[in-house]
Amino acid sequence: MANPNERNSRSYIMSMIKGRDTKPELLVRRFLHSKGLRYSLHPNKLAGKPDIYLAKYDIVVEIRGCFWHGHENCSLFILPKTNRTWWSKKIQKTKDRDYRNEMILLSQKIKTIVVWECSLRSNCRMQSLENLYCEIVNSSDIFH
């Protein structure tokens, strides 16, 4: 028999997971700001309200959690053993939504750069952030 408090405690735990201002997101924002880049946060007018929008470059930066966005071949993405079907559907819907939003942004000539949570781990963080910065500033007018 299942623990009657398990549902309430799981619900509480899940409610504490933030969608904005996560540690990886704050890390990327601080880094970009320290490099002199200015950006908008979660602009309502763009598809999916992306994490960071750099209007000067027409670039969106999405910081994605490996579990929630189904990062393939990543040690941080492991489907829970319970309710696997439900989790698979949930994560697939998220991946489909991410793709749909990227295509909408692309049609508006806005490039999307994805930064995965695992790439911000301490052992490769600075290299990932430097690569992101270079990709942003070296992105020529690919659409213009």
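We number each residue from 1, following the sequence as shown. Just so we're clear, the structure is a prediction, and the values are computed from it rather than from any experiment.
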Audit row: R125, F31, side chain to side chain contact (heavy atoms under 4.5 Å, CB included) steps and yes/no: CA-CA 11 Å; R125 177 180 303 150; F31 177 80; over 6 Å; no
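- Residues I91 and L79 have side chains in contact (heavy-atom distance under 4.5 Å, counting atoms from C-beta outward).
- In this structure, the side chain of S128 engages the main chain of S119 through a donor-acceptor pair within 3.5 Å.
- In this structure H71 satisfies the ring pair (Phe, Tyr, Trp, His ring centres under 6.0 Å) test together with W116, sequence neighbours excluded.
- Tracing side-chain contacts under 4.5 Å through hydrophobic residues (I, L, V, M, F, W, Y), one reaches L41 starting from L37; they form part of the same cluster.
- Pairing each heavy atom of P24 with each of I63, the nearest pair is CB-CG2, 3.7 Å.
- Clustering ILVMFWY residues whenever any of their side-chain heavy atoms sit less than 4.5 angstrom apart, transitively, puts W68 in a cluster other than the one holding I78.
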Candidate pair L132 and L32, rule side chain to side chain contact (heavy atoms under 4.5 Å, CB included), full reasoning: CA-CA 9 Å; L132 171 63; L32 294 178; 4.2 Å; yes
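- Under the salt bridge (Lys or Arg N to Asp or Glu O under 4.0 Å) criterion, the residue pairs touching residues 60-71 are R64-D98, R64-E102, with sequence neighbours excluded.
- The closest side-chain heavy-atom distance from V60 to L54 is not below 4.5 Å.
- Atom SG of C124 and atom CE of M126 lie 11.5 Å apart (nearest 0.5 Å).
- With sequence neighbours excluded, the residues forming a side chain to side chain contact (heavy atoms under 4.5 Å, CB included) with Q108 are L46, I104, L105, I110, listed by chain and number.
- Looking only at side-chain heavy atoms (C-beta outward), V28 and I52 come within less than 4.5 Å of each other.
- Between I136 and V61, some side-chain heavy-atom pair lies under the 4.5 Å cut-off.
- Residues satisfying the side chain to side chain contact (heavy atoms under 4.5 Å, CB included) test with D96, not counting sequence neighbours, are Q92, R100.
- The list of salt bridge (Lys or Arg N to Asp or Glu O under 4.0 Å) pairs with a residue in residues 26-44, not counting sequence neighbours, reads D21-R29, E25-R29, K35-E130.
- At a threshold of 4.5 Å between non-hydrogen side-chain atoms, the residues P50 and P43 count as touching.
- Residue N73 holds its CG atom at 11.5 Å from SG of C66, rounded to the nearest 0.5 Å.
- Residues that satisfy the salt bridge (Lys or Arg N to Asp or Glu O under 4.0 Å) test with K49, not counting sequence neighbours, are absent from this structure.
- Checked against side chain to side chain contact (heavy atoms under 4.5 Å, CB included), K56 has no partners two or more places apart in sequence or in another chain.
- Counting only residues at least two apart or in different chains, ring-ring contact (aromatic ring centres under 6.0 Å, His included) contacts with residues 90-110 are absent.
- Note on residues 46-65: no pairs pass ring-ring contact (aromatic ring centres under 6.0 Å, His included), not counting sequence neighbours.
- In summary, the side chains of N131 and E135 do not present any donor paired with an acceptor at a separation below 3.5 Å, with no hydrogens or angles considered.
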Side chain to side chain contact (heavy atoms under 4.5 Å, CB included) between D51 and V115, worked out: CA-CA 11 Å; D51 297 321; V115 177; over 6 Å; no
H69 vs F77, side chain to side chain contact (heavy atoms under 4.5 Å, CB included): CA-CA, chis, key distance, verdict: CA-CA 9 Å; H69 294 267; F77 174 58; over 6 Å; no
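- Rounding to the nearest 0.5 angstrom, the gap separating the CD1 atom in I113 from the OG atom in S139 is 6.5 Å.
- Hydrophobic clustering of Ile, Leu, Val, Met, Phe, Trp and Tyr side chains at less than 4.5 Å, counting indirect connections, keeps V114 apart from L120.
- Within a 6.0 Å radius of CG in N123, other residues, nucleotides and ligands contribute more than 12 heavy atoms.
- Nearest heavy-atom pair across G65 and E117 is CA-OE1, 3.5 Å.
- Counting Ile, Leu, Val, Met, Phe, Trp and Tyr side chains that sit under 4.5 Å apart, directly or through other members, L76 stands alone, with no cluster partners.
- Residues in residues 76-89 take part in no salt bridge (Lys or Arg N to Asp or Glu O under 4.0 Å) pair, two or more places apart or across chains.
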